[in-house]
Amino acid sequence: MADNPASDVVIVGGGVIGSAIAYFLAAASGDPGSITVIERDSSYATASTPRSAGGIRQQFSNPENIEIGLFGHHFATHLADYLSVDGECPDPGLVEGGYLFLAGPSGLEVLGQNHEEQLRLGADIALLDAVAISERFPWLNTDGIAGGAFGLRREGWLDPNTLMQAFRRKARSLGVTYLEAEVTGLEQDGNRVTAVRLADGGRLPAGTIVNAAGPNAGRIAAMAGISLPVVPRKRNVFVFDCRETLEPPVPLLIDPSGVYVRPESGGYICGVSPPADQDPDGETGDLEVEYHWFEEVVWPALAHRVPAFEAIKLTGAWAGHYDYNTIDQNGIVGPHPELSNFVFANGFSGHGLQQAPAIGRAVAELLTTGGFRTIDLTRFGFERFASGALVLERNIV
């Protein structure tokens, strides 16, 4: 089969990260050149982005993640300024309900340390003791709770698919080409990757290749001989109704057990990340819901923390995959130290949706100016795994 026309930048993966990079690159000043996004399934039926919980927060411990979260909120609340096409922009339905991280006595010190850094960078987070939590959320059982951190502003959730499609629509309006194809190999010449091979027998010559393949990022990197510590990890999301109306409304609540819950369309969604010894690497085609997590872990924790949740009705569930960074669970952003034109945007471990605006902007800056200009993401580079300078995050959900 004949070659596809060469592209200055080829982005492998058209989910929210890949499409955000495509948009910011196409919108950059100057001439970014031709941009092609390769997405294996334009319906996104099994993609990670539409299956995420859609949260936006600043409650992290690392300054970069806090700044990324602040920009994510800014972007979501000014979406029309960025992603309008012909004067129209879809509404992702941002709900600023806040995150409420609860902590027992052993976890309160960590919340306090995180809080100082969050305030320093401009996040609006309140550190509450158990009495204040009870007064603010009278439906909550504070047994075993020493305190918590609550996002007063700029935290909440939105519809992931709407945001992703808005990025894609805007990028295409700016001249980005979306190619529905399966990547099967990469061609190299010395210290450069020169082309992408496709399942239909075709190939696509490229000046720069960006790996934005989500849970498949490790497989794409392996095609270039790179061992990237990113694997698919399945996450189950459960949907339920509660006959009792809770006031004030439930925020995105994270119990010390790791179980989370938030409102959704008149009901609630909830879930938990399995412990490490019960969290095997998966296959992105495996979308079978594992209901035992709800029955054995999630519901008991919710019923204890919110007594009204003792009487609930499970109404649905779905499963999706994190692009899980097995070493330090933070994003991997920037060029490979030896393959200079192979760029990573991987391993966000469940935070890709909320971090996509800042990551898209950062990668575009890197490709057009040679460096990070707004948020310095140098610490997130691939080199950290060899040097041992890991980016450890204390607020992982």
Give the table of side-chain donor-acceptor pairs shorter than 3.5 Å for residues 211-233, with sequence neighbours excluded, one pair per line with atom names and distance.
from   : atom 1 : to     : atom 2 : distance (Å)
Asn211 : OD1    : Ala213 : N      : 3.2
Asn211 : OD1    : Asn346 : ND2    : 3.4
Asn211 : ND2    : Ala217 : O      : 3.1
Arg219 : NH2    : Glu182 : OE2    : 3.4
Arg233 : NE     : Asp279 : O      : 3.2
Arg233 : NE     : Asp281 : OD1    : 2.8
Arg233 : NH1    : Asp279 : O      : 3.3
Arg233 : NH1    : Asp279 : OD2    : 3.2
Arg233 : NH2    : Asp281 : OD1    : 2.9

Applied to residues 165-174, the side-chain hydrogen bond (donor to acceptor under 3.5 Å, both in side chains) test, sequence neighbours excluded, yields Tyr44-Arg168
Do any side-chain atoms of residues 251-259 form donor-acceptor pairs under 3.5 angstrom with protein atoms, and if so which ones, sequence neighbours left out?
from   : atom 1 : to     : atom 2 : distance (Å)
Asp255 : OD1    : Arg305 : NE     : 2.6
Asp255 : OD1    : Arg305 : NH2    : 3.4
Asp255 : OD2    : Ser257 : N      : 3.1
Asp255 : OD2    : Ser257 : OG     : 2.7
Ser257 : OG     : Val259 : N      : 3.4

Ignoring hydrogens and angles, write down the donor-acceptor pairs under 3.5 Å from the side chains of residues 130-140, residues two or more places apart or on other chains.
from   : atom 1 : to     : atom 2 : distance (Å)
Ser134 : OG     : Ala130 : O      : 3.3
Trp139 : NE1    : Pro248 : O      : 2.9

*Any salt bridge between Arg379 and Glu64, counting N to O under 4.0 Å?*
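Yes, charged N to carboxylate O under 4.0 Å.
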Nearest 0.5 Å please: distance from the [atom1] atom of [X] over to the [atom2] atom of [Y].
X: Asp241; Y: Glu264; atom1: CG; atom2: CD; value: 11.5 Å
X: Asn65; Y: Leu377; atom1: CG; atom2: CG; value: 9.0 Å
X: Leu198; Y: Arg203; atom1: CG; atom2: CZ; value: 9.5 Å

Could I get the full list of salt bridge (Lys or Arg N to Asp or Glu O under 4.0 Å) partners for [X], not counting sequence neighbours?
X: Glu155; result: none
X: Arg192; result: none
X: Glu290; result: Lys234

Checking His304 side chain against Pro300 main chain: does a donor-acceptor pair fall under 3.5 Å?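 No, because the side chain of His304 does not come within donor-acceptor range (under 3.5 Å) of the backbone of Pro300.
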Side-chain (Ser349) to main-chain (Asn325) donor-acceptor, under 3.5 angstrom | yes
Pairs under 3.5 angstrom only: tabulate donor-acceptor contacts from the side chains of residues 10-18 to other protein residues two or more places apart or in another chain.
none

Just by distance, with hydrogens left out, do Gln59 and Asn114 show a side-chain donor and acceptor under 3.5 Å apart? no
Fill in: Between Tyr178 and Ser19, a side-chain donor and acceptor under 3.5 Å
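Yes, a side-chain donor-acceptor pair sits under 3.5 Å.
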**Parallel, tilted or perpendicular: rings of Tyr23 and Tyr82 (30°, 60°)** = perpendicular
For residues 217-253, the ring pair (Phe, Tyr, Trp, His ring centres under 6.0 Å) pairs (sequence neighbours left out) are Phe238-Phe294, Phe240-Tyr268, Phe240-Phe309
With heavy-atom distances below 4.5 Å as the criterion, would you say the side chains of Ile56 and Trp157 are in contact?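 A side-chain contact under 4.5 Å is absent here.
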Residues pairing under salt bridge (Lys or Arg N to Asp or Glu O under 4.0 Å) where one sits in residues 67-79, two or more places apart or in two chains, turn out to be none
Residues 100-118 vs salt bridge (Lys or Arg N to Asp or Glu O under 4.0 Å), sequence neighbours excluded, gives Glu117-Arg120
Partner of Arg57 under side chain to side chain donor-acceptor pair (under 3.5 Å), picked from Gln118, His351, His73, is His351
The side chain to side chain donor-acceptor pair (under 3.5 Å) partners of Glu295 (sequence neighbours excluded) come to none
